[in-house]
Amino acid sequence: MRTRYAPSPTGPQHIGGIRSALFAWLYARRHGGQFILRIEDTDRKRTVPGSVKMILEAFDWLGMDIDEGPREGGALGPYVQSERLELYQTWAKWLVENGCAYKCFATAEELAAMRKAGGGYDRRYRDISAAKSADLEARGLPFVIRFKMPLTGLTVGKDLIRGEVEFANEQLQDAVLLKSDGYPTYHLAHIIDDHHMRISHVTRAIEWLPSFPLHIQIWNALGWEMPQFAHLPVLLNPNGKGKLSKRKEQFAGADGKSVPVLAREFIEAGYLPAAVMNFLSNIGWNYGDNEEIFSAAQAIERFDLKDVNPANSAYPIAKLDWLNSQYIQRADVAELCPLLKPILEKAGFEVDEARLQRVVPLLRVRLKSLKDVAPMAGFFFADWSAFKAPPAEILIQRKMDQKGTADILRGSIPLLRRLDTFDADTQHAAMREFAKATGYKNGQVFGSLRAAVTGQKVSPPTFETMEVLGQEESIRRIELALQSLSDETAG
RNA sequence: GGCCCCUUCGUCUAGCGGCCUAGGAUGCCACCCUUUCAAGGUGGAGACACGGGUUCGAGUCCCGUAGGGGCUACCA
């Protein structure tokens with residue numbers, strides 16, 4: 001069992017492509033086969049340098065290992081089409097010699113005129129004599145090689161996902177196999193490569209379905225045994241309108257966050273690779289048992305191309321946020337720390353690793369994205385001496401007023417100062433008692449302290465936070481907050 | 001325009017003729033819990049596109065219509 005992912009190196013990797021690759025990879029792994037990466041760089045105009053590197057980075061990050069490819073090598077390489085030109089030319093020539101293809105000398109202008117007239121290429125060179133063809137070639141006219149598509153009859157293709165699909169041959173044109181620059185088109189190249197690389201299952205996006213009959217005819221003309229085909233559904237934009245595009249700005253969510261579409265954007269957005277894998281494999285396929293959270297290893301145990309949903313899907317990006325938070329919650333502190341540290345550093349904080357390890361358990365359940373760590377817990381790593389009391393609108397919580405907040409802060413200080421040990425439990429007990437004595441609700445007391453000490457509306461839990469900050473610093477902050485409240489009263 | 005594919009809650013999906021008064025998840029809304037956030041718990045609203053068949057019986061099979069997606073390049 002051998003599957004492949006065969007992208008064109010035209011820039012950053014699109015998540016739609018990654019998902020197609022994922023299905024091919026899962027299938028190969030499920031059956032103990034090989035997963036091959038092949039670069040289809042036959043369009044010289046669109047090829048952008050560095051693309052292969054980006055593709056590889058995406059695969060490495062996700063943990064999708066490649067058995068054969070431009071980096072890995074392999075017995076059936078090279079795995080880059082521009083390095084296999086001779087092969088394509090040989091077989092194109094063979095097809096011409098065997099009457100299955102012909103040289104076409106139509107100029108760009110002629111073609112444009114035909115298109116304008118409607119109907120497309122009119123096969124004007126299909127039946128010219130060998131002598132005439134040779135003559136035109138001898139005169140140095142540029143030409144392409146076109147496939148002689150049967151003019152009548154039906155071609156039926158078998159697709160693993162949707163069964164048999166019928167096409168009337170007359171609907172198809174005589175597709176170009178070899179361009180005038182000597183490069184093959186996709187139609188020719190992928191067949192020759194899939195054959196020579198012994199691909200058993202071709203997975204590709206559904207936009208290839210219309211040219212499936214052409215490919216079947218080429219396989220037949222070549223006399224080769226066809227692999228199995230699965231035309232995969234595609235990802236639609238989050239609103240369900242159109243194929244998922246790279247212009248994701250227009251799909252920014254209510255929170256103003258733009259929707260990640262390119263592979264590297266998932267890294268930048270603070271998603272865990274396991275969450276992304278889970279997310280992607282749960283679109284158009286599902287693990288079963290009403291299980292939403294499953295590992296790649298689990299998916300491998302059950303994946304089958306036959307079970308892929310034939311319908312396209314709107315990109316359910318909101319689910320990724322949820323999945324990511326689930327994965328972060330379940331991750332080990334040891335696993336999270338090295339991921340969080342660079343994010344904090346990039347945000348300008350100097351990270352003490354020991355402190356980070358103490359802090360991570362406090363905020364794990366609050367992170368939807370790794371990137372949330374900076375706004376959520378950055379204050380732990382900031383210069384404490386520069387801490388400023390937050391404004392009144394943060395200090396004074398819901399269902400509280402200025403006086404009440406000040407009362408609570410003022411009353412807490414001596415109690416907190418008196419504590420011999422400053423762990424969270426001890427503080428908690430003391431403050432609970434304080435609430436009881438003063439008649440404030442626990443939440444009012446704890447919440448006011450939270451705001452005073454962290455300066456944030458959303459933060460790690462109050463007492464654990466104060467424990468990390470220490471007695472002296474915590475009290476200092478409460479005093480600062482109290483001071484700013486009083487100043488405001490005075491002003 | 002022609003051809004092809006697709007169509008279950010807003011969204012991702014389960015369902016492969018009777019187990020469906022259609023299940024799960026997400027999102028949304030309540031309530032509970034709680035260190036008034038988050039997480040967690042409980043509950044709620046929410047779908048078989050429409051019309052014909054076939055069948056004792058249809059979300060499940062067939063046809064049509066509508067809607068969505070794609071292809072129609074010397075791009076992939």
Side-chain angles (χ1 to χ4, degrees), chain A residues 6-8 10 40-43 45-46 104 106 108 111-112 115 118-121 142-146 159 161-162 165-168 170-173 175-181 183-187 189-190 204-213 231 233-234 236 238-243 279 282-286 288-293 307 309-323 325-326 329 363-368 372 376 397-400 424 427-428 431-432 441-451 454 456-465:
Chain A
S8 291
T10 55
E40 307 211 325
D41 59 342
T42 56
D43 186 344
K45 292 182 289 293
R46 294 205 312 157
C104 169
L111 258 10
R115 214 170 300 129
Y121 179 62
F143 64 89
V144 301
I145 290 179
R146 285 184 186 269
D159 178 78
I161 297 174
R162 42 209 109 225
V165 187
E166 284 189 2
F167 304 86
E170 61 181 15
Q171 291 290 338
L172 295 178
Q173 303 203 354
V176 172
L177 262 21
L178 200 72
K179 306 178 216 175
S180 55
D181 65 0
Y183 276 63
T185 60
Y186 169 83
H187 303 303
H190 91 274
R204 71 211 318 193
I206 191 161
E207 50 253 40
W208 290 111
L209 194 53
S211 48
F212 192 21
H231 291 92
V234 297
L236 269 22
N239 60 9
K241 296 277 181 200
K243 243 171 63 169
F279 169 67
N282 214 359
I283 308 172
W285 183 79
N286 69 90
D289 299 340
N290 285 337
E291 258 333 304
E292 303 287 332
I293 299 180
D307 297 330
N309 187 333
N312 295 337
S313 307
Y315 188 49
I317 189 65
K319 256 189 163 171
L320 177 56
D321 283 332
W322 171 75
L323 268 172
S325 70
Q326 292 293 317
Q329 272 182 56
L363 39 96
R364 229 180 339 189
V365 301
R366 282 156 226 268
L367 301 180
K368 279 205 162 46
D372 293 341
M376 181 81 69
Q397 308 244 317
R398 190 146 62 84
K399 294 180 189 165
M400 285 294 289
Q427 297 171 43
H428 191 177
M431 286 302 101
R432 208 182 348 228
K441 289 191 176 155
N442 284 350
Q444 294 177 312
V445 174
F446 305 163
S448 298
L449 289 174
R450 172 219 297 285
T454 65
Q456 295 169 191
K457 213 149 206 159
V458 181
S459 78
T462 309
F463 303 123
E464 282 80 353
T465 297

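Lettering of chains follows the sequences in order, A, B, ..., and the numbering in each one begins at 1. Note that these values count all heavy atoms, side chains included, but never hydrogens, waters or copies made by symmetry.
- A/Glu207 meets the side-chain hydrogen bond (donor to acceptor under 3.5 Å, both in side chains) test with A/Lys243; sequence neighbours excluded.
- Base-pair partner of B/rU26: B/rG10 (Watson-Crick or G-U wobble, both distances under 3.5 Å).
- The gap from the P atom of B/rG43 to that of B/rG18 amounts to 28 Å, rounded to the nearest Å.
- A/Phe167 comes within contact range of the sugar-phosphate backbone alone, with a heavy-atom separation under 4.0 Å but no base atom that close.
- B/rA73: no Watson-Crick or G-U partner with both key distances under 3.5 Å is found in any strand.
- When all heavy atoms are compared, the tightest approach of A/Ile283 to A/Pro316 is CD1-CD, 3.6 Å.
- Among the protein residues, A/Gly284 comes within range of the sugar-phosphate backbone only, with heavy atoms under 4.0 Å from sugar or phosphate atoms but none that close to a base.
- Put simply, the side chain of A/Gln171 and the base of B/rG2 share no donor and acceptor less than 3.5 Å apart.
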From CA spacing to verdict: side chain to side chain contact (heavy atoms under 4.5 Å, CB included), A/Cys104, A/Tyr121
CA-CA 10 Å; A/Cys104 169; A/Tyr121 179 62; 3.1 Å; yes
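- When distances run from any side-chain atom of A/Leu209 to the nucleotides B/rG24, B/rC4, B/rU13, the shortest one goes to B/rC4.
- The same atom, C1', is picked in B/rG46 and in B/rU8; the two are 12 Å apart, to the nearest Å.
- Atom pair A/Glu292:CD and B/rG27:P shows a separation of 11 Å (rounding to whole Å applied).
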Annotated protein contacts, base or backbone, on nucleotides 60-76 of chain B with a non-hydrogen cut-off under 4.0 Å, one of B, S, - each:
--------SSBS--BBB
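- Note: A/Phe167 and A/Phe212 have perpendicular aromatic rings, judged against thresholds of 30 and 60 degrees for the angle between ring planes.
- B/rC33: no Watson-Crick or G-U partner with both key distances under 3.5 Å is found in any strand.
- We find that OH of A/Tyr315 is positioned 17 Å from C1' of B/rG27, with the value rounded to whole Å.
- Contact annotation: A/Asn290 side-chain N/O to B/rA25 OP1/OP2 distance is not under 4.0 Å.
- For the C1' atom pair drawn from B/rC71 and B/rC12, the interatomic distance equals 27 Å after rounding to whole Å.
- A distance of about 34 Å separates the P atoms of B/rG53 and B/rA45, rounded to the whole Å.
- Atom CD1 in A/Ile293 sits roughly 14 Å away from atom C1' in B/rC12 (whole-Å rounding).
- Shown here, B/rG64 forms a base pair with B/rC50; the pair counts as Watson-Crick or G-U wobble because both key distances fall under 3.5 Å.
- Judged as a side chain to side chain contact (heavy atoms under 4.5 Å, CB included), and not counting sequence neighbours, the contacts of A/Asp181 are A/Arg44, A/Lys179, A/Tyr183.
- In this structure, the CH2 atom of A/Trp285 is 18 Å from the P atom of B/rA25, given to the nearest Å.
- Between B/rG44 and B/rG1, the two C1' atoms lie 49 Å apart (nearest whole Å).
- At a threshold of 4.0 angstrom between heavy atoms, the contacts of A/Asn309 are confined to the sugar-phosphate backbone, with no base atom among them.
- In this structure, A/Asn286 atom CG and B/rA14 atom P are separated by 5 Å, rounded to whole Å.
- Across A/Pro460 and A/Arg366, no two heavy atoms sit closer than the pair CA-NE, 4.0 Å.
- If you take atom P in B/rU21 and the same atom in B/rC16, they sit 14 Å apart, rounded to whole Å.
- Comparing B/rC29 with B/rC5, their P atoms sit 42 Å apart, to the nearest whole Å.
- Contact check for A/Gln326 versus A/Glu292: no side-chain heavy atoms found under the 4.5 Å cut-off.
- Applying the salt bridge (charged side-chain N to carboxylate O under 4.0 Å, His left out) criterion to A/Asp159, with sequence neighbours excluded, gives A/Arg162.
- Atom P of B/rC20 sits at a distance of 38 Å from the matching atom of B/rU34, rounded to the whole Å.
- Put simply, CG on A/Asn282 is 17 Å from P on B/rU11, counting in whole angstrom units.
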Just by protein heavy atoms under 4.0 Å, how would nucleotides 30-46 of chain B read 5' to 3' in B, S and -?
-----BBBBSS------
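- In this structure, the CG atom of A/Asp159 is 12 Å from the C1' atom of B/rC6, given to the nearest Å.
- There is no side-chain donor-acceptor pair under 3.5 Å between A/Thr10 and A/Arg46.
- In terms of the side-chain hydrogen bond (donor to acceptor under 3.5 Å, both in side chains) criterion, A/Ser325 has no residue partners (sequence neighbours excluded).
- Taking each heavy atom of A/His231 and A/Leu209 in turn, the nearest pair found is ND1-CD1, 3.4 Å.
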